[in-house]
**Student:** 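Below are the C-alpha cells for one structure; questions will follow.
Order of the sequence lines fixes the chain letters, A, B, ..., with proteins taken first and strands second; residue numbering starts at 1 for each chain. We use all heavy atoms of the structure for the numbers below, so side chains are in, but hydrogens, waters and symmetry mates are not. Every value quoted in this text rests on a predicted model; they were computed, and no experiment measured them.
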2 protein chains.
Amino acid sequence: MSISSRFAVGIHILALIEINKDGVSTSDFIAGSVNTNPAVIRKIMGMLKNAGLVKVRPGIAGAQLAKNLSDITLLDVYKAVNVVQEKELFSIHENPNPDCPVGNNIQDAIIPLFENAQTALEKALGHITIEDVVRDLIDKENFENKKRSN
Amino acid sequence: MSISSRFAVGIHILALIEINKDGVSTSDFIAGSVNTNPAVIRKIMGMLKNAGLVKVRPGIAGAQLAKNLSDITLLDVYKAVNVVQEKELFSIHENPNPDCPVGNNIQDAIIPLFENAQTALEKALGHITIEDVVRDLIDKENFENKKRSN
DNA sequence: ATTACATGTAAATATAATTGTTACAGGTAA
DNA sequence: TTACCTGTAACAATTATATTTACATGTAAT
C-alpha cells in the first residue's frame with residue numbers, strides 16, 4: 001500500500017507555480033513538467049483551489065498561489081488532495097466477534113493507538129513548507145548547472 | 001487509501017494468543033474471533049512466524065508467542081505483516097520532465113521529506129507494545145462485565 | 001498404516017482505488 | 001465568432017485487498 005502520488009504532484013504543482021511566477025502556468029504547461037495528462041492536473045488543481053491554496057478561474061489561463069509560500073505546509077497540501085481520510089490511515093477489520101473478550105474490545109483498544117501514529121505523521125508534514133521545498137529545488141538546480149559548466 | 005487491516009488483524013492475533021494462553025489457538029479459533037476465513041489467519045500467521053513473533057508448526061494445532069509480550073511492539077507487527085514497504089509509504093509520480101528545473105529535482109527534494117514523515121509514524125508505533133494492548137483489552141472487558149452485573 | 005485434523009500455500013474471485021485518457025460543457029478575451 | 005482555457009464526467013487499465021476454495025503436507029492417536 002502506498003499513499004496516492006496526488007500528494008507529490010500537488011507539491012510539484014505549487015512549487016512550479018512559484019518558480020514559473022513570471023510565466024503563465026496552464027494545466028498543459030504543468031502537465032508537461034509533471035509528465036501526465038492535463039486533466040489530471042486540473043483535477044488536483046481543483047482540490048488545491050477548494051483548499052484555498054491556489055487561485056485559478058475557468059476560461060482564464062494560468063494559476064497563482066493564494067497564500068505566501070511560507071504559509072503553505074505539506075500538511076495543507078496533503079489534506080487538500082485528500083489522500084488520507086481523517087483517522088483512517090490505518091484500516092481495522094470490521095465485525096470482530098463480540099462474544100470474545102478480544103474481539104469485543106480490539107477496535108476500541110486499537111483506534112486511539114492508530115490515531116496517535118497518524119497524528120505523528122501529520123505533525124511531521126506540518127513542519128515543512130512549500131518555501132522549504134522551493135529553496136531546495138533552486139539549490140539543487142544551481143548545483144546541477146555548476147557541475148555541467150565544469 | 002488506507003493501510004491494510006492485516007496490521008490490525010496481526011495485533012488481534014497476538015493479543016488473542018496471549019489471552020487464550022491456557023487454550024489452543026488454532027487458525028479456526030482465531031478466525032472465529034477476528035471473524036474472517038482461517039486461510040487469512042494462516043497467511044498472516046506465517047508472516048508473524050517469519051518475523052519471529054510466533055511459534056507455529058505444520059500439523060500441530062495452536063500457536064504460541066515467540067517473545068515476551070513487552071518485547072513485541074506495534075512496529076514489529078507492522079513490519080512483520082508487510083503493510084508498508086520501506087521508504088514507500090508515500091508514492092511519487094515517476095518520470096517528471098528532466099528539462100524543467102522542478103521536474104528535474106522534485107523527486108530528490110521530496111523523498112527525504114516523505115521518509116522523515118514515515119519515520120515519525122513508525123517511531124510512534126515503536127513505543128507501544130502488545131502488552132499495552134492486552135492490558136487495555138482486559139481493563140475494557142472487566143469494565144464491560146461490571147456494567148452488565150449492575 | 002489409516003484416520004482425523006492441523007498448517008502451508010496457491011489459485012480464483014469480487015471489490016475498490018489509482019492513474020490515465022477522451023470528450024465535452026462552459027468561461028473569457030481578442 | 002474564434003481560439004483557448006478550465007471544470008468535470010465517463011471509461012478503461014492496472015493494481016491491491018480481502019475472501020473463498022482446494023489441496024498438499026505434517027503430526028499424532030488409534
**Student:** Please tell me which of the listed nucleotides, C/dG8, D/dT6, C/dA29, lies nearest to the side chain of B/P58?
**Tutor:** C/dG8

**Student:** May I have the distance from B/F90 (atom CZ) to C/dA17 (atom C1'), rounded to whole angstrom?
**Tutor:** 17 Å

**Student:** Rounded to the nearest 0.5 Å, how far does NZ of B/K79 lie from CD of B/E122?
**Tutor:** 6.0 Å

**Student:** With a 3.5 Å cut-off and no angle check, do the side chains of A/N116 and A/T119 form a donor-acceptor pair?
**Tutor:** no

**Student:** Mapping B/K43 and B/S91 to their closest nucleotides on DNA chain C, which lands nearer the 5' end?
**Tutor:** B/K43

**Student:** Quick check on C/dA17: is either OP1 or OP2 less than 4.0 Å from any side-chain nitrogen or oxygen of A/S4?
**Tutor:** no

**Student:** So which one's nearest nucleotide on DNA chain C is more toward 5', A/V83 or B/G59?
**Tutor:** B/G59

**Student:** Could you tell me the separation between the CZ atom of B/R42 and the C1' atom of D/dT19, rounded to a whole number of Å?
**Tutor:** 13 Å

**Student:** Drop me the distance from B/I19's CD1 to B/S33's OG, to the nearest 0.5 angstrom.
**Tutor:** 9.0 Å

**Student:** Going through the distances and angles, do A/I92 and B/F7 end up as a side chain to side chain contact (heavy atoms under 4.5 Å, CB included)?
**Tutor:** CA-CA 8 Å; A/I92 301 184; B/F7 182 25; over 6 Å; no

**Student:** For C/dT19, does either OP1 or OP2 sit under 4.0 Å from a side-chain N or O belonging to A/S5?
**Tutor:** yes

**Student:** Hey, is the side chain of B/S27 poking within less than 4.0 Å of OP1 or OP2 on C/dT7, counting only N and O atoms?
**Tutor:** yes

**Student:** Consider the side chain of B/A39, meaning its heavy atoms from C-beta on, and name the nucleotide among D/dA28, C/dG8, D/dT21 that approaches it most closely.
**Tutor:** D/dT21

**Student:** What is the distance from CG of A/N35 to P of C/dT19, rounded to the nearest Å?
**Tutor:** 14 Å

**Student:** Expressed as a whole number of angstroms, how long is the span from B/I3:CD1 to C/dT18:C1'?
**Tutor:** 17 Å

**Student:** So, does B/K49 get its side chain near the phosphate of C/dG8, meaning an N or O under 4.0 Å from OP1 or OP2?
**Tutor:** yes

**Student:** When you get a sec, tell me which of C/dT28, D/dT20, C/dG8 is the closest nucleotide to the side chain of B/V40?
**Tutor:** D/dT20

**Student:** Could you state the NE2-P distance from B/H93 to C/dT18, rounded to the nearest angstrom?
**Tutor:** 17 Å

**Student:** What is the separation between atom CZ on B/R57 and atom C1' on C/dC5, rounded to the nearest whole Å?
**Tutor:** 16 Å

**Student:** In whole angstroms, how far is the P atom of C/dA14 from the CG atom of B/N37?
**Tutor:** 16 Å

**Student:** Give a yes/no answer on whether the side chain of A/T26 brings an N or O atom under 4.0 Å of OP1 or OP2 in D/dC5.
**Tutor:** no

**Student:** C/dA16 P sits how many Å from A/E94 CD, rounded?
**Tutor:** 12 Å

**Student:** Is it true that A/D136 and A/K140 have a side-chain N and a carboxylate O under 4.0 angstrom from each other?
**Tutor:** yes

